[in-house]
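Before any comments, here is the structure.
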Amino acid sequence: MFTQADDKLIQDHFDDLLKCCEAICKTPEDWKLVTDSFNFANEAHRGVRRKSGVPYILHPIAVAKIVVVEIGLGVKSVAAALLHDVVEDTDYTVEDLETRFGKKVATMVDGLTKMKKAGELAGQSSSQAANFKKMLLTLSDDVRVIIIKLADRLHNMRTLGAMPVDKQMKISSETIYLFAPLAHRLGLYNIKTELENLSLKYSFPNDYKQIVDKLSQTEASRKMFIEKFNAPIIEKLKESGIEFTIKGRVKSIYSIWKKMQRKMVTIDEIYDLFAIRIVFKPIAFVPEKTQCWNIYSLITDIYKPKPDRIRDWVNIPKANGYEALHCTVMGPDGVWAEVQIRSERMDEIAEKGFAAHWKYKERDKNIENREGELDKWIKEVQNALNSPTEDAVEFLDEFKLNLYTSEVVVFTPKGESVTLPKGAVVLDFAYEIHSNLGNKAIGAKVNHKIESLYTPVNNGDQVEIITSATAHPVLESLDHVVTARAKQKIKSFLKKERENNLSNGMRIFDEEMKKRGVTPSARVFHKLLPAYNSSSKDEFYVKLGAGIISLDNVDKILRENAATKLIKYWSLQVSNTLKLFGNSTKGQQETASGDKIKIAPCCMPIPGDEVIGFRDNDGDVIVHKKSCDEAIKLAARHGDRIVPIKWSSEKILSYLSVIEVRGIDRMGILRDISSVITGEMDINIRKLYIESHDGIFEGSITVYVKDKKDLGNVMNKVLAIKGIESVKRLETEDHHGASGVTASASGSQNVTIA
Ligand code: MN
């Protein structure tokens, strides 16, 4: 039971909330709604305590306070926040709430209850991702429900210390996985940042503490620098009669941590720990945009700007509504610093997200568009979730990616703007407009120039899709598109197509076999699969059904005994008759057999390459590729030492070759490369060197191969690995000046023939 002290505590917290509501309660009815909601919730949660021991009702009060103070929503939202746990945790129903508080409040509480139920299933029967998906499905049409849910989560994160450690981990990971991205998408930057920081605090307490400590240690010197940096700006802006505030803001703990992870550096190596923010009071009758650029020009009179670091979200705001002008300038002592320029209105939008838009609705016509944008986004999420995507985890990963990536805005020929994640290609644009347009697209005119479907689109591009009635989605496109929508549409088409091909193929095959009176036994497939280059029955059927292979030769194949594969290996031989160029001053006698032959390390020719030999001072023959720069140089200077040379096919030998790979970094790519080469192809990797930066990785693989064909096979296999963009043969081994080499060496480096 509650004590007097408990009741006093509850009353104090509610009084504080009432004070915060002064700005939003305009009529006696408003006040009544807030008070009634509180009384109802207080009664319903009576006697219940939170894990920390405080009365439960303090939680809904705190959520309501976040909703009004930190986000700026109105009276109905405050009521819904106060009541948000009533239906779930007590015997009251949504209908009860409707009779007392009206339809709007009841619907919001209903939405919150559904989200909560779906969320709480997470970690129980089915996978967490599947339950997130369920929870997202309950995303209400009313964006306020999501916002209140975020306030609820924020308060739970703030009080997470009272929970047991395993719950802390679970709740933190949900927060970073889903709620922080949602807050980002809604433009609730402060809430997003706090959710991220708290999540880090509980997931990586040591890292968190290290950054907090470091920031407090360096605070004094940073303050001094910021003052020094700001002084001339303050003077200049005052001179120009601009009303403004200027602040140096330390970047968030989480964003610092992310950067440390991404760049693999310590906190001491991160130089841009802070940003300067200028918020100005706009003067009447001059567009805010002009005023932003005016301030920019005043600042860059003082400090030199970094030309490629201007971010103009004033002309084209982010899809989540964010507007500001960012630039990076060279400050005192040659230190780069980011400067953010915003009007008071832009600042409020940045702080409070979409909620702030409503406040400025009457003043700015653009806002209505943007609210439409948000509605559209919620619809899209709902549509995507409702369509039968096989893999919930995959979908969510892509969905999340779309929440976070920065955006580009491109235009249709009619001038309508379409917002896409950065890196999106023409085909993403097509799918964004209509799935049929995507399915039939064959190319596009980007700014009136013909481009391929995989050309990335840039801010401000005008894109006109070219279609063909006979076109259809292909597998390759999946490697190029980035939006969840395009991926899902292509996948579902391919899935359908594959199923059709599979059943078609089975039908064709059965008919043909029946005609021949052949029972398709395992032995039959044993012969057929390799002959048709298929690794499984399914693959064989699909290829057959798609018309990629035909059964024209099937009789011949079935008659053949399991083919004995004749494998030819190459070796190198100096030709029998040696032609001398010019005068051999040394008068050496060369013979064909018994020559010591070495592969030149500069170009590392392998069988199949056109080669040329040079006799060195020791009498050994060094073999170069004919195209090798070194060989061309040698031939020019020492024509007399040229030894004609050719490949013969006698001995089994391996040759060292280097291929260079480039691609998109992802988990497990290294493992995939090595398993393809060593596992599937049984080829020795001598050295594997991979460097990754900004999600791209580059590296070189040194392998032992038998000949050019073998190398070609390796390169094709590697290229087929998901994420690999390009594979190139390298001429020299130490092209990368490799550091951090992980080597699995086998055999010797020089191939010599005795
Ligand atoms: Mn709650």
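Read the numbers this way: they start at 1 and go in the same order the structure lists the ligands and their atoms.
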Original post:
Does H59 bring an N, O or S atom to under 2.8 Å of the Mn ion (ligand 1)?
Top reply: yes

**OP:** Please calculate the OD1(D152)-the Mn ion (ligand 1)-NE2(H84) angle and round it to 10 degrees.
**Re:** 90°

Original post:
Which of parallel (below 30°), tilted (30 to 60°) and perpendicular (above 60°) describes H59 and H84?
Top reply: perpendicular

Subject >> Under 3.5 Å: donor-acceptor pair, side chain of S492, backbone of K489 >> reply: yes

Original post:
Of the options E323, K289, E288, E348, which is the one that meets S343 in a side chain to side chain donor-acceptor pair (under 3.5 Å)?
Top reply: E288

Original post:
Between R100 and D96, does at least one N-O distance fall below 4.0 Å, as a salt bridge requires?
Top reply: no

Original post:
Name of the D85 N, O or S atom nearest the Mn ion (ligand 1)?
Top reply: OD2

